[in-house]
Amino acid sequence: MGTFMENAKEDLWPSNLAEEPSDRSPLQILREQAERLGEKTSNVVEAVVAAEPHLDGSTLDIQFSLVAPALGGYEYVLLRARQPVVDLYPVRLEFEGNSWTANEEDGLKQYLANFFNSARTRKIISNLVAQSRSA
Amino acid sequence: MVTFLFWNLKNLERLYAIDRLVRLHALDVVVLAESSLHIDSVLKTLNKGGRADFHFNPGNCERIAIYSRFPTRDMRPVHESDRITIRRLRFSATREILLAAAHLHSKLHRSHEEQAFAAGEVASEIARTENRIGHSRTIFVGDLNMNPFEHGLVAATCLHATMDRRIALRGARTVDRKQRPFFYNPMWSMLGDASSGPPGTYYRSESGHVAYFWHMFDQVLIRPELLPAFDNSTLKIVDTDGTTSLLKDSGTPNEFVGSDHLPILFRLDY
């Protein structure tokens, strides 16, 4: 009986259970980049990241939107991402009508850099900044 | 009474047809998809004779162009993406609606499931914008690239657009513990050859087992709050610009004079 009680208390879980996975999640990376945008525009144009579980339950739908507070909170959805809830990657990205898939954090960051540096993104942000300043 | 026209131009030069339609129907708002018309040409044509009735109402959604009798301050975008633009359309100091216009992905590039997911995202964007602005007097118009009976239009998590005005007037229904707001979709009544106009807005000759031939890709959806302002008899699939038929002899869209899509026209008495 004593042996049974001792076995019942035995911890079979690994000691490093709460360690972060080696890759950061797409949601985390997008939230960081949203903060960076506000810093660059003095919050004239901000970015907001919204996430909700997809209907299938196994993925998370993420929207990365530009917001111009001085324009009545005008929003532009710049990109969408769908990440697996458990495995984090591959993440599917949609930007201006085209889709890409990133298999790990480095790939995701490369795509994001391309999206953020594209002429389209720069034009939208500079339009919003100009309109906000004249509002 | 405000008269709206939506037309997917397939990037064809149809300036004079638009001009004739504006005059024939006294259009107030012209929403175009796949338009490569130059803004200054459109304004010069619609405002010829020293008038300055029409304005270009700019936005960041490049798939949609809006020209209207409303100055830009009364047609401000409040939410946009590459697919959709949502405008706050002010008729007067105390009366405004939300005009959402979209050109969703083609069936050539997206599966049915992907189209439905995208429709769900668009539906969320509309609902979120309504919450932010504080009302849901919304019309949603565009080339949705889906038929009224597809999941993207009907499903509660998607556009939730019903064929029955009385059901839409219930406002919303609870599915999976969430309130899902209705749209009313009057395009159901326009399907088929017993309707008052052409059987659809787009025609494609198909060789597979399942062939609809006619599709109702171009649609207007109306939230219950605006339904008292909408009379179904004002909704038309337009088949002539008043001078020239937009149809071939076979009765299908003639893209040599119009586009591969037919325009839709409707009025709001709000």
Side-chain angles (χ1 to χ4, degrees), chain A residues 45-84 91-101 115-116 118-132 134-135, chain B residues 33-34 58-64 72-73 75-88 90 96 98 100 102-106 108-111 113-114 116-134 145 151-152 155-158 175-176 178 180:
Chain A
V45 178
E46 300 172 4
V48 172
V49 177
E52 60 180 316
H54 190 66
L55 274 182
D56 64 13
S58 66
T59 55
L60 200 58
D61 285 334
I62 306 168
Q63 271 191 359
F64 185 99
S65 304
L66 306 175
V67 178
L71 301 176
Y74 170 88
E75 282 183 352
Y76 186 88
V77 180
L78 188 67
L79 69 96
R80 297 178 178 82
R82 182 170 295 161
Q83 73 163 71
V91 57
R92 183 189 152 104
L93 302 163
E94 197 181 307
F95 173 74
E96 292 298 309
N98 294 307
S99 303
W100 292 267
T101 300
F115 300 157
F116 295 158
S118 70
R120 178 77 183 133
T121 303
R122 295 167 78 103
K123 182 181 167 196
I124 294 169
I125 292 174
S126 62
N127 283 348
L128 293 179
V129 169
Q131 288 178 71
S132 297
S134 62
Chain B
E34 292 193 42
N60 283 307
C61 175
E62 293 185 333
R63 290 167 179 256
I64 297 291
T72 294
R73 65 172 180 276
M75 181 73 92
R76 283 198 189 285
V78 287
H79 176 100
E80 296 186 300
S81 74
D82 61 314
R83 303 168 185 159
I84 183 170
T85 178
I86 306 178
R87 309 295 179 97
R88 205 168 175 164
R90 291 196 334 172
E96 75 161 43
L98 291 174
H103 182 197
L104 302 186
H105 294 298
S106 159
L108 298 174
H109 308 295
R110 292 288 191 276
S111 67
E113 291 78 10
E114 286 174 318
F117 291 148
E121 286 172 343
V122 162
S124 302
E125 289 176 46
I126 294 172
R128 227 176 41 232
T129 304
E130 291 171 333
N131 284 336
R132 180 158 64 84
I133 300 299
N145 267 310
H151 285 173
T157 52
C158 298
V175 181
D176 285 345
K178 271 193 176 174
R180 318 279 183 177

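Values in this document were obtained by computation on a predicted structure and should not be read as measured data. Below, chain A is the first sequence line, B the second, and so on; all start at residue 1.
Heavy atoms of A:Leu71 lying under 4.5 Å from chain B are absent altogether.
Qualifying side-chain contact (heavy atoms from CB on, under 4.5 Å) partners for A:Ala81, counting only residues two or more places apart in sequence or in other chains: A:Leu30, A:Ile62, A:Val91, A:Leu93. Under the side-chain contact (heavy atoms from CB on, under 4.5 Å) criterion, B:Ala100 pairs with B:Ile84, B:Ile86, B:Ile126, B:Phe140, not counting sequence neighbours.
The choice from B:Gly59, B:Cys61, B:Pro77, B:Gly120 that makes the most heavy-atom pairs within less than 4.5 Å of chain A is B:Pro77.
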Donor-acceptor pairs between chain A and chain B under 3.5 Å, which ones?
unit_1   : atom_1 : unit_2   : atom_2 : d
A:Gln63  : OE1    : B:Arg128 : NH1    : 3.2
A:Gln63  : OE1    : B:Arg128 : NH2    : 3.0
A:Gln63  : NE2    : B:Glu125 : OE2    : 3.4
A:Gly72  : O      : B:Arg132 : NH1    : 3.1
A:Gly73  : O      : B:Arg132 : NH1    : 3.0
A:Gly73  : O      : B:Arg132 : NH2    : 3.4
A:Tyr74  : OH     : B:Asn60  : ND2    : 3.1
A:Tyr74  : OH     : B:Glu80  : OE1    : 2.2
A:Glu75  : N      : B:Val78  : O      : 3.1
A:Glu75  : O      : B:Glu80  : N      : 2.7
A:Glu75  : OE1    : B:His79  : ND1    : 2.6
A:Tyr76  : OH     : B:Asp82  : N      : 3.4
A:Val77  : N      : B:Glu80  : O      : 2.7
A:Arg80  : NE     : B:Glu121 : OE1    : 3.3
A:Arg80  : NH2    : B:Glu125 : OE2    : 2.6
A:Glu94  : OE1    : B:Arg83  : NH2    : 3.2
A:Glu94  : OE2    : B:Arg83  : NH2    : 2.3
A:Gly97  : N      : B:Asp82  : OD2    : 2.7
A:Arg120 : NH1    : B:Glu62  : OE2    : 3.0
A:Arg120 : NH2    : B:Asn60  : O      : 2.3

